[in-house]
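First the proteins, then the strands, lettered A, B, ... as listed; each starts at 1.
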Amino acid sequence: MARIALTLGPVFFHWPADRLANFYRRIADEAAIDRVHIGEVVCGKRMPFSDPVWPEIIERLERGGKEVVLSTLAAPATVRERKAVEELCSDGRLVEINDITALPTRFGQPFVAGPFVNVYNEASAQFLIRRGARTICPPVELSLAVTGTMARACPEVEFELFAFGRLPLALSGRCYHARLHGLHKDSCQFTCEENPDGLSVDTLDGQEFLAVNGVQTLSHQVQAFCPESADLLACGVTRLRLSPQTVDMVIVAQTYRALLDGAETPTGARFILSCLDLPGALAVGFPHGRPGCHVPDTI
Amino acid sequence: MTVGQMELVCPAGAPATLRAAITARADAVYCGFQGETNARNFPGLNFSPAELADGVRFARDHGKKVLVAINTFAPAGRVDQWRKAADEAAACGADAIIAADLAVLDHVANNHKGLRLHLSVQAAAATPEAIGFYAEAFGVRRVVLPRVLSIQEIATLNRSINVETEAFVFGELCVMIEGRCFLSSYAAEKSPNLNGVCSPPEAVSYDQEAGSTAARLSGFTIDRYAPDQPTGYPTLCKGRFSAGGTTSYPVSLNAGGLIAGLKAAGVTALKIEGRQRGKGYVTEGVRTFRKAVDAIEAGGDAPEIDRILARMSEGGRRTTGAYKKTWR
Amino acid sequence: MVERTKAGELPAFIRVLFPTVAALPFGLLLTRSVRVLAARQPRLFERLAEHRSACFFVDPTDLAFAFTVVPDGERSLVRIVGKAETSTASVVIRGPLLMLLGLLDGTLDGDALFFHRVISVSGRTEAVVALRNAIEDAELRPADLLGLHGAVARFADAGILGGLSAARRLAASSDGDQAARMQ
């Protein structure tokens with residue numbers, strides 16, 4: 001039976017440079033991860049902080065046998081952000097595009113179509129494959145069943161499913177962290193750094209609901225989709241994406257590896273994950289075609 | 001930069017609204033088919049192919065245009081339904097198709113070469129590179145601009161692209177980048193991208209509780225109102241939540257006073273949001289904006305339309321949205 | 001603001017209707033009217049799709065009674081009920097009669113009325129949305145729903161629509177708003 005690979009998605013949050021360096025050092029040395037995405041995806045203003053540490057991180061990850069993918073901004077706007085996207089797209093490594101802005105530069109070279117690019121069907125997938133897409137991670141709201149329909153029609157590329165982490169639900173032109181602190185986006189003082197898993201947003205009745213991360217809105221809950229390898233392979237899905245949170249991602253990766261290798265049951269894997277220090281309760285809706293916040297009885 | 005008259009593009013949720021908008025002197029109306037192929041898939045709304053054909057005839061008789069929105073994303077296995085909708089729009093004589101899905105754009109570009117393609121706001125194309133890509137790959141002639149750009153950014157953008165731009169001037173304001181938002185499907189399963197519905201009405205409840213009304217979506221409290229306080233539809237991104245004690249309020253986009261700025265920024269067409277709104281809203285909105293656009297085109301100032309339109313606005317509040325940068 | 005209008009307009013309106021209403025119990029009269037409407041304008045009911053079987057509880061807050069309406073085309077049913085009999089309703093709509101009637105022909109914007117709390121809605125929101133959208137497109141006159149014809153119909157329309165304009169002018173002036181200028 002083919003092996004399901006594990007991908008570590010890009011860090012969505014504004015982690016300081018030393019936190020990023022320490023995080024990826026452990027990933028490089030200890031995590032059962034095949035492919036690692038690095039780079040800033042959410043906010044171009046954060047790039048000057050992390051840019052200096054990426055070369056060393058890339059080198060360390062590649063030395064640790066990981067395939068490194070350079071992720072690009074999901075909503076580039078300024079001249080500087082557009083230029084950053086263009087530069088990354090000129091790299092010889094695999095690049096993840098998260099906005100069509102990246103496509104003209106990357107045209108014809110291999111790329112990953114990330115979950116911020118709207119690939120919902122086989123025709124749009126084929127369109128991107130003809131232009132260089134090698135891995136497609138569809139938008140998080142797409143179910144495993146529909147992803148499977150697309151994947152079976154495009155056997156020449158890999159399909160990846162967002163399995164673990166707070167769900168990236170929305171991007172805005174306004175920065176919620178800046179607004180919360182009474183600041184303007186243009187002089188935000190990077191208050192998003194205070195919430196390395198995002199800032200919880202509750203309803204007026206105190207229900208846990210969302211989390212904000214600068215211009216991004218995520219789910220409060222942590223998705224933990226724990227399928228068996230056979231179910232994924234039957235749908236043509238060959239990769240699972242784990243999205244970094246402050247929780248020990250080495251243990252998360254280890255748990256998923258054990259699950260996919262058949263050494264752990266889905267119930268067992270979910271139990272292990274639920275015992276970790278997660279920022280929210282576990283949920284699994286989207287992969288089953290349910291609301292993303294859905295909590296199955298089995299957790 | 002445009003040199004011609006700015007075009008006023010108005011919503012039509014149903015045939016009667018189409019007639020109302022044209023009668024109120026819209027230059028073009030946009031509408032969609034019943035079902036999931038368009039982004040305003042609300043119960044009781046939208047057109048059958050026969051109704052669209054009638055609508056196109058009505059518009060043509062008045063020298064106006066009909067733009068058909070097929071601007072959701074087809075889920076795998078059902079792309080043919082979206083292609084068929086595009087074929088039907090073409091057969092009805094639509095003046096343009098508004099689309100966002102690469103599959104739909106590709107289909108129209110390859111099979112209806114004479115038909116204008118407009119890039120939907122759902123495609124969230126905000127950079128010269130992205131817009132250039134859609135223009136080159138599909139021959140897109142006009143881009144509906146994401147509602148996150150300021151007037152200055154629109155002006156800069158227009159100097160570096162070769163396609164027309166269309167900007168929203170009135171109606172409900174999405175605070176998230178459209179086409180990139182899964183808040184609705186997270187809470188209530190249905191999504192703008194896949195189902196053409198945000199915060200679906202079947203998941204909405206207004207619960208009368210002690211001293212207040214709670215507006216809920218799938219059980220999540222989106223807002224709470226004192227008796228007599230203006231309410232809003234519980235659209236997720238417009239609710240009031242608690243995060244460090246801050247709140248946000250429902251607002252309507254009303255850039256009426258900014259029409260002159262948008263013209264100077266090189267915008268070709270002004271768009272009024274609200275295919276889910278009634279004839280009263282459409283008629284008043286179109287008439288008022290018609291007056292303003294005519295005044296601008298005649299070299300005068302826009303009348304004080306913001307004040308006139310105040311009663312039409314959701315929650316009684318308006319904003320100039322991202323067009324003025326302080327909103328961020 | 002609405003109070004003044006109610007006091008001024010309603011009695012005249014009811015006098016117009018009274019001769020017709022007297023011939024049949026009001027619920028039966030309205031049921032017949034809606035079925036006649038269904039025969040004349042089937043598209044209105046087609047737009048309702050699955051919500052044809054929903055039970056709409058309509059409570060004109062300035063009348064002593066309420067209605068339930070099941071708008072199932074030519075099998076439609078309208079009943080006069082007490083103001084508390086909402087247990088079988090899928091939807092409860094409450095508001096001053098003139099405002100409810102103003103929704104029918106699109107002279108008043110349902111969303112605007114709702115957002116300003118003039119009309120309140122609870123229950124299955126999707127059914128309300130479907131009903132509102134279907135009615136919007138049907139371009140009804142008040143007389144259509146009352147099953148009136150000929151001179152009486154014109155009289156009723158003029159009375160109700162005139163009352164609506166007056167209501168709106170009053171509302172506009174009391175708000176210090178300029179909406180009345182838009183007429």
Exercise. Counting only heavy atoms not in Lys45(A), do more than 12 sit closer than 6.0 Å to its NZ atom?
Worked result: yes

For this session: Calculate, to the nearest 0.5 Å, the distance between atoms CG and SG belonging to Leu183(B) and Cys293(A) respectively.
Result: 11.5 Å

Exercise. How far apart are the closest heavy atoms of Val79(B) and Ala123(A), and which atoms are they?
Worked result: CG1-CB, 4.3 Å

For this session: Output the option from Gln207(A), Gln221(A), Arg290(A) having the highest count of non-hydrogen pairs under 4.5 Å with chain B.
Result: Gln207(A)

Seminar exercise, completed: Per-residue tally against chain A (heavy atom, under 4.5 Å) across Thr127(B), Thr221(B), Leu105(B) peaks at Thr221(B)

Seminar exercise, completed: Pair count under 4.5 Å, heavy atoms only, with chain B: among Val201(A), Leu210(A), Thr147(A), highest is Val201(A)

For this session: Of all the heavy-atom pairs spanning Leu102(B) and Ser124(A), show the shortest one and how long it is.
Result: CB-CB, 3.7 Å

Seminar exercise, completed: If one checks every heavy atom of Glu178(B) against chain A at 4.5 Å, the contacting part turns out to be neither

Exercise. For chain A, which of Pro128(B), Ala125(B), Ser184(B), Ala137(B) has the most heavy-atom pairs under 4.5 Å?
Worked result: Pro128(B)

Exercise. Counting only N and O atoms by type, is there a donor-acceptor contact under 3.5 Å from the side chain of Ser242(B) to the main-chain atoms of Leu204(A)?
Worked result: no

Exercise. Any chance CG of Asn162(B) has more than 12 other-residue heavy atoms, nucleotides or ligands included, within less than 6.0 Å?
Worked result: no

Problem set entry | Evaluation steps, side chain to side chain donor-acceptor pair (under 3.5 Å), between Tyr120(A) and Asn193(B) | CA-CA 9 Å; Tyr120(A) 283 98; Asn193(B) 281 5; 2.9 Å; yes

Exercise. Asn98(A) versus chain B, heavy atoms under 4.5 Å apart: side chain, backbone, both or neither?
Worked result: backbone

Problem set entry | chain A contact via Ala74(B) - side chain, backbone, both or neither, heavy atoms under 4.5 Å | both

For this session: Identify which part of Ser219(A) has an atom lying under 4.5 Å from any heavy atom of chain B, answering side chain, backbone, both or neither.
Result: both

Problem set entry | Pair Asn121(A), Asp101(B): side-chain N/O donor-acceptor within cut-off below 3.5 Å | yes

Exercise. Which one of Phe107(A), Phe286(A), Phe116(A) has the most heavy-atom pairs closer than 4.5 Å to chain B?
Worked result: Phe286(A)

Exercise. By a 4.5 Å heavy-atom criterion (distance strictly below it), what part of Phe127(A) contacts chain B: side chain, backbone, both, or neither?
Worked result: side chain

Seminar exercise, completed: Correct closest heavy-atom pair for Glu189(B) and Pro291(A) would be OE1-CD, 3.5 Å

Exercise. Once you round to the nearest 0.5 Å, how far does CG of Leu103(A) lie from CZ of Phe133(B)?
Worked result: 4.5 Å

Exercise. Is it the side chain or the backbone of Glu208(A) that comes within 4.5 Å of chain B heavy atoms, both, or neither?
Worked result: backbone

For this session: To the nearest 0.5 angstrom, please state how far the CG atom of Leu142(A) sits from the CZ atom of Phe182(B).
Result: 9.5 Å

Seminar exercise, completed: Value for CG (Asp106(B)) from CZ (Arg130(A)), rounded to nearest 0.5 Å, stands at 6.0 Å

Problem set entry | Proximal component of Pro138(A), with respect to chain B [non-hydrogen, under 4.5 Å] | neither

For this session: Check whether Ala74(A) gets within reach of chain B through its side chain, its backbone, both or neither, counting any heavy atom under 4.5 Å.
Result: both

Exercise. If you count heavy-atom pairs under 4.5 Å with chain B, which of Asn118(A), Val117(A), Val146(A), Val85(A) comes out on top?
Worked result: Asn118(A)

For this session: Please report the C-alpha distance between Phe241(B) and Tyr176(A) in whole Å, then the side-chain angles of each, then the deciding distance to 0.1 Å, and finally whether the ring pair (Phe, Tyr, Trp, His ring centres under 6.0 Å) criterion is met.
Result: CA-CA 12 Å; Phe241(B) 304 103; Tyr176(A) 291 96; 10.0 Å; no

Exercise. Top residue by heavy-atom pair count (under 4.5 Å) with chain B, among Leu171(A), Thr203(A), Leu169(A)?
Worked result: Leu169(A)

Exercise. Tell me, do Arg180(B) and Asp99(A) make a side-chain contact under 4.5 Å, heavy atoms counted?
Worked result: yes

Problem set entry | Side chain, backbone, both or neither of Ile222(B) within contact of chain A (heavy atoms, under 4.5 Å) | side chain

Seminar exercise, completed: Nearest heavy-atom approach of Ile177(B) to Ala75(A) is CD1-CB, 3.9 Å

Exercise. With distance as the sole criterion, is a donor-acceptor pair present between the side chains of Thr101(A) and Glu129(B) under 3.5 Å?
Worked result: no

Problem set entry | Steps toward side chain to side chain donor-acceptor pair (under 3.5 Å) verdict (Tyr186(B), Glu141(A)) | CA-CA 8 Å; Tyr186(B) 172 68; Glu141(A) 67 172 350; over 6 Å; no

For this session: State, to 0.1 Å, how close Cys181(B) and Ala170(A) come at their nearest heavy-atom pair, and which atoms those are.
Result: SG-CB, 3.9 Å

Exercise. Checking Ala187(B) against chain A: side chain, backbone, both or neither under 4.5 Å from a heavy atom?
Worked result: both

